[in-house]
Amino acid sequence: MTRTDQRDQPDQPDQPDHLAPAHQTRPRALSLLKPTGHLTLGNYLGALRPMVAAQERADCFFGLADLHSLTIPHDPGRLRALVAEQAATLVAVGLDDSTLFVQSHVPAHSQLSYLLECVATTGELGRMIQFKEKGRGVDSTRTSLFTYPVLMAADILLYRPEQVPVGDDQRQHVELTRDLAQRFNAAYGQVFTVPEITTPPVAARVMDLADPTSKMGKSGSGDGPGAIRLLDAPDVVRRKVARAVTDSDVGPDAVRRDRGVKPGVTNLLDILEACGGTADDVTTYGALKRTVTDAVVAELEPVRKRYAEVAADRAYVTDVYARGAERARSVAQPVLAAAYAAIGL
Ligand code: AMP
């Protein structure tokens with residue numbers, strides 16, 4: 001789960017004073033990653049690199065949505081290890097200029113979620129696509145799989161963004177967020193900023209090397225030989241790229257983009273370009289794979305090296321996240337307090 005929420009208007013004249021934004025001069029960006037697997041090249045090119053770039057122009061709240069990892073059967077030790085790994089990875093890619101935090105360290109998220117559950121209906125939650133998909137053919141699911149869109153609404157509303165750029169897969173979640181905010185405001189008073197939905201610039205979409213019609217994913221079926229992990233050693237990257245699916249075309253223009261007919265080759269070319277390489281002089285699949293490997297390794301090696309340093313300095317990572325959680329709490333708490341007061345608590 002990821003969102004980038006931006007607030008472009010510095011002033012919110014219809015907000016009560018105690019809800020005035022803490023940082024009026026910069027738009028705010030919020031994005032939470034769900035620690036359900038090892039981060040991939042897809043996460044890096046599609047999410048982490050744009051997040052690093054966002055630090056230039058926005059007041060960024062980035063973090064790990066550990067509560068959202070509990071909606072399907074999970075292993076506590078694995079979750080803890082993934083949170084530690086991803087926490088260090090966000091620092092390693094250069095996101096420590098942001099407010100970095102772990103969702104469960106800011107209790108306002110689950111506290112506001114409960115209040116929003118009191119305005120949400122079972123009917124609208126039952127229509128959420130991801131619940132219908134993950135629950136299909138299953139007798140019973142965790143209740144949290146049903147209610148997590150409300151937690152996502154709380155994640156967003158606590159930071160009072162005015163705009164939420166979302167891709168198609170998250171659109172329904174933000175529509176629910178708007179509905180809940182409007183309903184709460186209408187029933188109990190003007191507490192939440194109702195965010196507008198905007199369309200983000202198209203991000204790189206990296207496909208699985210072994211199945212180039214599926215997204216390269218960090219969990220589930222994607223976490224296999226066709227997924228390059230952000231922390232893969234160069235020889236592992238080389239092996240995965242060498243085994244990437246191409247096709248049987250051996251013609252002189254075999255190395256070309258054609259998403260319908262040549263999804264594997266197109267994906268390799270996309271990855272190459274996103275990593276700053278070029279296939280201008282490349283005519284064979286063998287040469288393409290070597291060029292892609294070199295470009296990916298050149299892109300990821302600095303991250304891997306920095307990760308090793310950061311992971312060895314646990315105290316630094318702990319301190320970054322402790323400070324981040326403290327700032328996130330200071331921003332979220334007044335909004336939660338206003339919601340409590342409005343609803344009669
Ligand atoms: P997910 O790993 O699906 O929870 O997504 C976390 C973030 O990484 C989201 O911003 C996704 O859009 C992005 N992301 C995940 N997989 C890919 C991919 N294969 N290509 C591009 N972006 C991706």
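Atoms within a ligand are numbered from 1 in the order they appear, just like the ligands themselves. Note that this is a predicted model, so its numbers are computed, not measured. The chain is numbered in sequence order, starting from 1. Note that these values count all heavy atoms, side chains included, but never hydrogens, waters or copies made by symmetry.
Taking the charged nitrogens against the carboxylate oxygens, R127 and E124 have no contact shorter than 4.0 Å, which rules out a salt bridge.
Between A47 and ligand 1, a contact under 3.5 Å exists for no N or O pair. Ligand 1 has no nitrogen or oxygen under 3.5 angstrom from a nitrogen or oxygen of R205. In terms of polar-atom proximity, defined here as any N/O pair under 3.5 Å, G217 makes no such contact with ligand 1. Here's the thing with T40: none of its N/O atoms is less than 3.5 angstrom from an N/O atom of ligand 1. Of the polar atoms of K218, at least one N or O is found under 3.5 Å from an N or O of ligand 1, judged by distance alone.
Note on Y148 and V138: separate hydrophobic clusters, where clusters join Ile, Leu, Val, Met, Phe, Trp and Tyr whose side-chain heavy atoms are under 4.5 Å apart, directly or indirectly.
Using a 4.0 angstrom heavy-atom cutoff, K215 counts as in contact with ligand 1. Under a 4.0 Å heavy-atom criterion, N43 is in contact with ligand 1.
If you check the side chains of S98 and Q55, you find a donor sitting under 3.5 Å from an acceptor. With no hydrogens or angles considered, a side-chain donor-acceptor pair links N43 and T40 at under 3.5 Å. With hydrogens and angles left out, the side-chain atoms of D66 and S104 include a donor and acceptor closer than 3.5 Å.
Closest approach of P35 and S69 over heavy atoms only: CD-OG, 3.2 Å.
Of the heavy atoms in M216, both backbone and side-chain atoms come closer than 4.0 Å to ligand 1.
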